[in-house]
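As structure tokens, the structure follows; a few thoughts come after it.
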Amino acid sequence: MSEHSSESTTLDESHPSAEEIQCGCEGSAMAQESPKNSAAEIPVTSNGQLEDSHEHSFNRDLKCSLPVGLGLSETKITSHGFDGAKEGVVEAGQFPNKGGRAQQKSGPVVLADEVKNPAMEKLELVRKWSLNTYKCTRQIISEKLGRGSRTVDLELEAQIDILRDNKKKYENILRLAQTLSTQLFQMVHTQRQLGDAFADLSLKSLELHEEFGYNADTQKLLAKNGETLLGAINFFIASVNTLVNKTIEDTLLTVKQYESARIEYDAYRTDLEELNLGPRDANTLPKIEQSQQLFQVHKEKYDKMRNDVSIKLKFLEENKVKVLHNQLVLFHNAIAAYFAGNQKQLEQTLKQFHIKLKTPGADAPSWLEEQ
């Protein structure tokens, strides 16, 4: 305590103004009321010695400006920096381990990994798509002008050409069969109406009762057999339509994907060949390496699509032969039995191919059926 008193006396003597003497007296009174606070407010360095006289004077002036009975730990001071450029709030009462100096809070935290911008990602995708489209368009134009080289699988290309030609022919058969079905439906409808007219006249014309009755039975029989044939033709149409517009179309869709992959492969192959023909230096080597990587990616895609097309063509051929064999046999037998007047054979043909028709009316067999 003696050292503390002597230090306080020395500091007071170095500043003999009246206001400072009064502040010193008030500081002594505060020290008597709370000796622990007074001792804690003496700034010391880490080795136990007094700090710089300038900082000590600042702390002493700060104590003098406080009201009596108010501790430094209960005070918040708004201070302006010495350079006049920064302004902040210093909170007293929480002192660091060294020197009892107040520290300002840290600024905003900046994350090391920035969040990716969705707009930039979309822009990058558009850029890659545009570059790929440009390369493919240039390749197509070069091939049409006869300047660019084209990768050709002769065996696969021949199978694709045959498939497209067959599809056109099957579509023509399908249109003709639909026309036949429409015309047969109209004829059956007309025969049914004609049979009803004959039956009505048979009841009203006693002198021609038998003649009208024979014709009524004949037309009804023809209408009945026509409905059976119509069921066979419609079943043929449905099966061929599935083969042409679903099975073959699905294979041709894979063929289109294969052709697109082939164009991309040739486009990137051409780029790589052009770079390899040029100079090799520090600027071109990274471009060649990147082009080699892109070429390899599109080569793998092209090989995969070519394999897929080969497999689909193989299965399509097997399915096509099986479907058309059954449908052609059905069509032939049904037409032959209908025009031969063989109703039993016509019905047997439909049973063979599991074709169900509407239940016919329970009419008594006519004289023509009994022959």
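From a predicted model like this one, the values you see are computed outputs, not experimental measurements.
For E211, the CD atom is densely surrounded, since the number of other residues' heavy atoms within 6.0 Å is greater than 12. Counting heavy-atom neighbours within 6.0 Å of F353 CZ, excluding the residue itself, gives a total above 12. Around the CD atom of E274, the shell of radius 6.0 Å holds more than 12 heavy atoms that belong to other residues, nucleotides or ligands. The neighbour count for Q290 CD, taken as heavy atoms of other residues, nucleotides or ligands under 6.0 Å away, does not exceed 12.
D165 pairs with exactly one of K167, K168, K169 by the salt bridge (charged side-chain N to carboxylate O under 4.0 Å, His left out) rule, that one being K169. Of the residues D271, T270, T133, the one that meets the side-chain hydrogen bond (donor to acceptor under 3.5 Å, both in side chains) test with R138 is D271.
Under a 4.0 Å N-O distance rule, the pair E289/R280 does not qualify as a salt bridge. Residues K344 and E347 are not paired through a salt bridge, judged by the lack of any N-O separation under 4.0 Å between the basic side chain and the carboxylate. A salt bridge is defined here as a Lys NZ or Arg NE, NH1 or NH2 lying under 4.0 Å from an Asp or Glu carboxylate O, and R306 with D303 meets this definition. Look at D308 and K312 and you find no salt bridge, because none of the NZ, NE, NH1 or NH2 atoms lies under 4.0 Å from a carboxylate O.
Across L350 and A232, no two heavy atoms sit closer than the pair CD1-CB, 3.9 Å. The shortest heavy-atom contact between D266 and R262 is OD2-NH1, 2.7 Å. Closest of all the heavy-atom pairs between L313 and I160 is CD1-CG1, 4.3 Å. When every heavy atom of K135 is checked against every heavy atom of A267, the shortest pair comes out as O-CB, 3.7 Å. L316 and L163 get closest at one heavy-atom pair: CD2-CD1, 3.4 Å. Contact record, A216 with A199: CB-N, 3.5 Å, taken as the closest heavy-atom pair.
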Could you please spell out the steps behind the side-chain contact (heavy atoms from CB on, under 4.5 Å) verdict for L184 and M187? CA-CA 5 Å; L184 180 60; M187 186 181 72; 3.4 Å; yes
Yes or no on side chain to side chain donor-acceptor pair (under 3.5 Å) for T284 and D281, after CA distance, side-chain angles and deciding distance? CA-CA 5 Å; T284 59; D281 51 26; 2.9 Å; yes
Any chance you could lay out the side-chain contact (heavy atoms from CB on, under 4.5 Å) test for I237 and I233, step after step, and finish with the verdict? CA-CA 6 Å; I237 292 172; I233 294 177; 4.0 Å; yes
Walk me through it: do K320 and E317 pass the test salt bridge (charged side-chain N to carboxylate O under 4.0 Å, His left out)? CA-CA 5 Å; K320 180 191 71 174; E317 186 66 22; 3.2 Å; yes
Could you walk me through whether I248 and Y170 pass the side-chain contact (heavy atoms from CB on, under 4.5 Å) check? CA-CA 10 Å; I248 295 180; Y170 296 155; 3.9 Å; yes
Do E259 and R164 pass the salt bridge (charged side-chain N to carboxylate O under 4.0 Å, His left out) test, and can you show the C-alpha distance, the side-chain angles, and the key distance before you say yes or no? CA-CA 14 Å; E259 292 175 343; R164 285 174 171 161; 3.1 Å; yes
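Between atom CG of residue L229 and atom CD of residue Q343 there is a gap of 12.5 Å, rounded to the nearest 0.5 Å. Note: D250 CG to N245 CG = 12.0 Å, rounded to the nearest 0.5 Å. Taking CG of L180 as the reference point, atom CD1 of I173 lies at 13.0 Å (rounded to 0.5 Å). In this structure, CD in Q352 is found 8.5 Å from CG in N326, a value given to the nearest 0.5 Å. Note: Q292 CD to K299 NZ = 10.5 Å, rounded to the nearest 0.5 Å. Considering NZ of K122 and CH2 of W129, their distance stands at 15.5 Å, rounded to 0.5 Å.
T190 contributes a side-chain N or O that, together with a main-chain N or O of Q186, makes up a donor-acceptor pair within less than 3.5 Å. Remark: side-chain polar atoms of T254 are not paired, donor with acceptor, to backbone N or O of V309 under 3.5 angstrom. Under the 3.5 Å distance criterion, the side-chain polar atoms of S291 are left unmatched by any main-chain donor or acceptor of K287.
When the side chain to side chain donor-acceptor pair (under 3.5 Å) test is applied to E273, the partners found at least two apart in sequence or on another chain are R269.
Residues Q139 and E143 bring a donor and an acceptor atom of their side chains to less than 3.5 Å of each other.
Residues L156 and Y258 meet the side-chain proximity criterion, which asks for heavy atoms closer than 4.5 Å. Counting heavy atoms from C-beta outward, E264 and K301 have side chains that approach closer than 4.5 Å. Using a 4.5 Å cut-off on side-chain heavy atoms (C-beta onward), I263 and R150 make no contact. I355 is listed as a side-chain neighbour of L330, based on a closest heavy-atom distance under 4.5 Å. Contact annotation: the side chain of N342 never approaches that of L346 to less than 4.5 Å [non-hydrogen atoms, C-beta and beyond]. Q348 places none of its side-chain heavy atoms less than 4.5 Å from the side chain of N333. With a 4.5 Å cut-off on side-chain heavy atoms, L194 and F198 count as touching. In this structure, the side chains of F212 and D200 stay at 4.5 Å or more apart for every pair of heavy atoms.
In summary, the aromatic rings of Y265 and F295 are positioned with their centroids under 6.0 Å apart.
Counting Ile, Leu, Val, Met, Phe, Trp and Tyr side chains that sit under 4.5 Å apart, directly or through other members, L125 stands alone, with no cluster partners.
The aromatic rings of H298 and Y268 lie parallel to each other, their planes meeting at an angle below 30°, with 60° marking the opposite boundary.
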